[in-house]
Engineer: 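Pasting a structure below so you can have a look.
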Amino acid sequence: MKFFKIITLILLAVFVVIQFFPTERNQSNVVPKTDFLLVNNPPQKIRAILQESCYNCHSNKTDYPWYNMIQPAAWYLEDHIKHAKGELNFNLWDELSDRRKSSKLRSIIKQIENDKMPLSSYTLIHKKALLSEVEKHNIIKYTTQLKDSLSY
Amino acid sequence: MKKVRITTAIFVMSFVSLTVMSCKDSKKENLESDNHSEMTHDATKDNTMEHDNMDMVSHVGQMTGSKQVIADYMTLKEALVATNKDAAAKAGNKMVGSLKIFEISGYTSSQQKELQDIIVDATEHAEHIGKSEMDHQREHFKTLSKDMMDMVEITGTDATLFQQSCPMYDKGSSWLSMSKDIKNPYYGSKMLTCGKVEKEIKSKM
């Protein structure tokens with residue numbers, strides 16, 4: 001019984017201590033001029049999908065869920081967002097050359113076609129981020145048009 | 001009762017150690033990705049200096065031009081023709097290295113700008129090929145091939161290349177080959193000879 005108590009206490013202590021580790025918050029309120037939505041001004045239905053299903057990780061502003069208040073969940077999110085922004089940051093869209101844009105658009109199309117994005121670990125909790133077949137079709141159509149308008 | 005207690009204890013301990021371990025892992029990954037971004041940063045910004053100091057030793061005898069990049073691309077293409085994921089990943093990673101030491105100072109400034117753009121794009125695709133499944137590798141190979149064609153247009157080639165294409169893969173996809181014969185990297189043995197020669201790129205080096 002004593003053994004069990006000690007373990008529980010240690011566990012509790014670890015849990016409490018890690019709560020004090022800060023994480024980097026991804027919450028810039030400045031939307032730069034290079035932002036995808038500003039530059040391309042897509043129709044409302046496309047805009048809504050991007051904001052609901054993509055922007056939380058692929059931009060400088062995350063609408064954090066409640067569980068981000070708790071470690072180690074916050075670490076997990078921080079890591080994810082960092083990686084996601086490395087791959088594609090919609091806020092910095094217009095910094096890319098046409099070649100890079102075309103490349104990214106193609107990747108977006110493929111990721112959505114193959115149901116790789118939005119991540120299933122994300123849509124599991126954020127049901128609203130889940131894309132319907134119609135939404136998928138719309139976003140692929142829009143992205144393809146945008147890609148075709150580039151010279152690459 | 002004692003058994004229950006022991007089982008609980010084991011459970012708790014493994015949970016703790018797992019948590020600790022996974023934290024460590026993610027830290028390590030962070031570190032790796034940090035290194036990574038630094039590397040791409042190097043490649044985009046200060047191409048020459050640091051590499052001369054740091055990388056020359058490991059790249060002794062390796063060519064620092066488009067020839068090496070094309071050579072790696074061909075190795076990658078062969079791996080995709082053979083539907084060999086591991087060999088393709090290895091070739092992709094090798095190509096990342098060759099792109100990184102690609103010496104562009106001999107070109108005009110507008111060519112340098114274009115080449116730099118190609119290098120950044122190609123590096124990203126090669127990196128993904130280095131860590132992905134076959135179908136994803138092939139997706140990236142398509143865009144990488146486009147980068148290579150544009151690169152060769154600027155740098156020229158010392159061996160005659162054939163631009164070939166398969167109309168079936170993703171609404172038509174091209175690639176470069178050293179040989180006139182069609183060996184399809186997008187389908188491998190499933191449709192090995194599907195495709196045609198679009199263009200012959202004569203050597204002009």
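Lettering follows sequence order; numbering is per chain, from 1. Keep in mind the model is a prediction, meaning the values are calculated, not measured.
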Engineer: Sort A:Ser107 into side chain, backbone, both or neither according to what part of it lies under 4.5 angstrom from a heavy atom of chain B.
Structural biologist: side chain
Engineer: Measure the spacing between NE2 of B:His140 and OG of A:Ser103 and express it to the nearest 0.5 Å.
Structural biologist: 8.5 Å
Engineer: Got more than 12 heavy atoms from elsewhere within 6.0 Å of NZ, A:Lys141?
Structural biologist: no
Engineer: Could you check if a side-chain atom of B:Asp170 sits within less than 4.5 angstrom of a side-chain atom of A:Lys110, using non-hydrogen atoms only?
Structural biologist: yes
Engineer: Is the count of non-hydrogen atoms from other residues, nucleotides or ligands lying under 6.0 Å from A:Tyr76 atom OH greater than 12?
Structural biologist: no
Engineer: What's the separation between atom CD in B:Glu133 and atom CG in A:Asn114, rounded to the nearest 0.5 Å?
Structural biologist: 12.5 Å
Engineer: Heavy-atom count around B:Met168 CE within 6.0 Å, excluding the residue itself: above 12?
Structural biologist: no
Engineer: More than 12 heavy atoms of other residues, nucleotides or ligands under 6.0 Å from NZ of A:Lys85: yes or no?
Structural biologist: yes
Engineer: Consider side chain to side chain contact (heavy atoms under 4.5 Å, CB included). Of A:Lys104, A:Arg106, A:Arg99, which one does B:Thr143 pass it with?
Structural biologist: A:Arg106
Engineer: Answer yes or no: are there more than 12 heavy-atom neighbours, outside A:Glu24 itself, under 6.0 Å from its atom CD?
Structural biologist: no
Engineer: Which region of A:Gln71, side chain (C-beta onward) or backbone (N, CA, C, O), has a non-hydrogen atom less than 4.5 Å from a non-hydrogen atom of chain B, or is it both or neither?
Structural biologist: neither
Engineer: I'd like to know whether NZ of A:Lys136 has more than 12 heavy-atom contacts from other residues, nucleotides or ligands below 6.0 angstrom.
Structural biologist: yes
Engineer: Counting C-beta onward and ignoring hydrogens, is there a side-chain heavy-atom pair between A:Glu87 and B:His128 closer than 4.5 Å?
Structural biologist: yes
